[in-house]
J.: 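Sharing a structure, written as structure tokens. Questions coming.
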2 protein chains.
Amino acid sequence: MVKKSPSGPRREESLSRERIIDASIALLDEAGESGLTFRALSQKLATGPGAIYWHVANKSELVTAACDTIVARAMSAQLADATPEATIRAIALGMFDAIDAHPWVGSALAHAPGQLPAVRILERIGQQIRMLGVPRDDEWTTVSALLSYILGVGGQNAANAQFAQTEGLNRPAFLESVANTWSELDPAEYPFARSVATQLSGHDDRADFLTGIDLILKGIGKSYAQQ
Amino acid sequence: MVKKSPSGPRREESLSRERIIDASIALLDEAGESGLTFRALSQKLATGPGAIYWHVANKSELVTAACDTIVARAMSAQLADATPEATIRAIALGMFDAIDAHPWVGSALAHAPGQLPAVRILERIGQQIRMLGVPRDDEWTTVSALLSYILGVGGQNAANAQFAQTEGLNRPAFLESVANTWSELDPAEYPFARSVATQLSGHDDRADFLTGIDLILKGIGKSYAQQ
DNA sequence: ACCTGAACACCGTTCAAGT
DNA sequence: ACCTGAACACCGTTCAAGT
């Protein structure tokens, strides 16, 4: 088949959906959620704000597309010969690390339920759940619990990172300031929060996240004993 | 002690932090997240935008305060003579219903981790976890898993409601449109999402949410068998 | 002490006009 | 078909000026 390509040599600099998304990711990584602006973006791409609308419907679609690029990358990592549980843990950790590296992905995911990025995660987890002996009727609920937990932790991590950035603090300093606030709460009303405040700064978020995943997996195992 | 009150009869109409927060809640309930504007708010309160800044530092603080009012209300419900598990379920359901009634609370919670609203939930759950025989060193991780799950589901529900409202759809219609999108995905790449799409619209979000809570509680029970 | 409202420095999005 | 960039209709926030 003869390729009837339109004409001329493709200019590397010409605008395209892909270039716009790549520039958006760079902007979001550099300056956070509030850094992505059609004006900043068009400047980075050496064009006008209106040009971007030729390739992208609106800002919401742009953020979702940027998010999807990161999620697709994280979900493409495969590991063979692992148990379903181990694979689910790996998928979850992959998302944790992706959100850690790109905090804006956490809030983008939270704001676009049912969209492609979330479906990618759902699909990979779902395929593993099928192997765990969960009855068909309970598949959705089970997968949805895991997905919600992942998105919940991701969203909180994203908010922490954004808050710390806004305040000009690094993560340890931010956690310490939260711990301080909690220590000053009314002892009669907030005994638990106060006592747990001291543990806060020392903890490993990644390990905590994984413990939560294991808790849910244990619950699934207890509900649907497999042979 | 003699009360040296400033002067004159308090005008019912005078501005106050409380009146501002109440008006904000009303605005958020009526028009969603994007409905809360300093201009709309000042119009509702028959004042200027600048006046609000005398009582409230900025928009972020205002939203958090509005969120806290709803959360405090939801957390104040007490039930006596219940097992820790039953109490945790009740706390979780209370938050689910609060977010269902005020979707903006879901995203407000997600954006303000470590702030008072989240700590209220953390505290109530934490007190129950103490009664479940979870070792001190694992308290934070356990409570944090439950809280993340609640915030995750809440955030997704909020996003669903907001999306549906933006699109001018009711919830069933919105879920159906999501299910339709999923059914059209590539069968080779998305077998699970496609097969689960049909189950989507029929499901009870509240029941699913509770199943997730039970999954985590089962996991906790399995980890720390109590006598 | 508290309120007013114009002004500032931004936004996302549109659209006539260009090539 | 694709790009330009001025213009529109908004924002949150500030601040001199009032009472």
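These numbers come from a predicted model, not from an experiment. Reminder, nothing fancy here: chain letters follow the sequence lines and each chain counts from 1.
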J.: Applying salt bridge (Lys or Arg N to Asp or Glu O under 4.0 Å) as the test, list every pair that has at least one member in residues 46-70 of chain A; sequence neighbours left out.
T.: R17(A)-E61(A), D68(A)-R120(A)

J.: Going by the rule side-chain hydrogen bond (donor to acceptor under 3.5 Å, both in side chains), which residues pair with E189(B) if we only count those two or more places apart in sequence or in a different chain?
T.: none

J.: Using the side-chain hydrogen bond (donor to acceptor under 3.5 Å, both in side chains) criterion, which residues pair with S195(A)? Sequence neighbours excluded.
T.: R130(B)

J.: Find the distance I20(A):CD1 to dC3(D):C1' and express it as a whole number of Å.
T.: 11 Å

J.: Give the minimum heavy-atom separation between A92(B) and I150(B), together with the two atoms involved.
T.: CB-CD1, 3.9 Å

J.: Which residues pass the side chain to side chain contact (heavy atoms under 4.5 Å, CB included) test with A110(B), sequence neighbours left out?
T.: none

J.: Rounded to whole Å, how long is the line connecting atom CG of L45(B) with atom C1' of dC3(C)?
T.: 13 Å

J.: Between W54(A) and dC2(D), does any side-chain N or O lie under 4.0 Å from OP1 or OP2?
T.: yes

J.: For R206(A), enumerate each residue passing the side-chain hydrogen bond (donor to acceptor under 3.5 Å, both in side chains) test, keeping only those at least two apart in sequence or located in another chain.
T.: D97(A)

J.: Which residue pairs pass the side chain to side chain donor-acceptor pair (under 3.5 Å) test with at least one member in residues 149-162 of chain A, sequence neighbours excluded?
T.: Q156(A)-S148(B)

J.: Taking only side-chain N and O atoms of H55(B), does any of them lie within less than 4.0 angstrom of OP1 or OP2 on dA1(C)?
T.: no

J.: Stems involving DNA chain C: give each as a range paired with a range, ordered by first number, where a stem means at least three consecutive Watson-Crick or G-U wobble pairs under 3.5 Å.
T.: C:4-8 with D:12-16, C:12-16 with D:4-8

J.: Taking side-chain hydrogen bond (donor to acceptor under 3.5 Å, both in side chains) as the test, write out the residues that go with E33(B), two or more places apart.
T.: S107(B)

J.: Once you round it to whole Å, what is the distance between P of dG5(C) and CG of L41(B)?
T.: 15 Å

J.: Spell out protein contact along nucleotides 6-19 of chain D as letters: B when the base is contacted, S when just the sugar-phosphate is, - when no protein heavy atom is under 4.0 Å; keep the 5' to 3' order.
T.: -B---BBBBB----

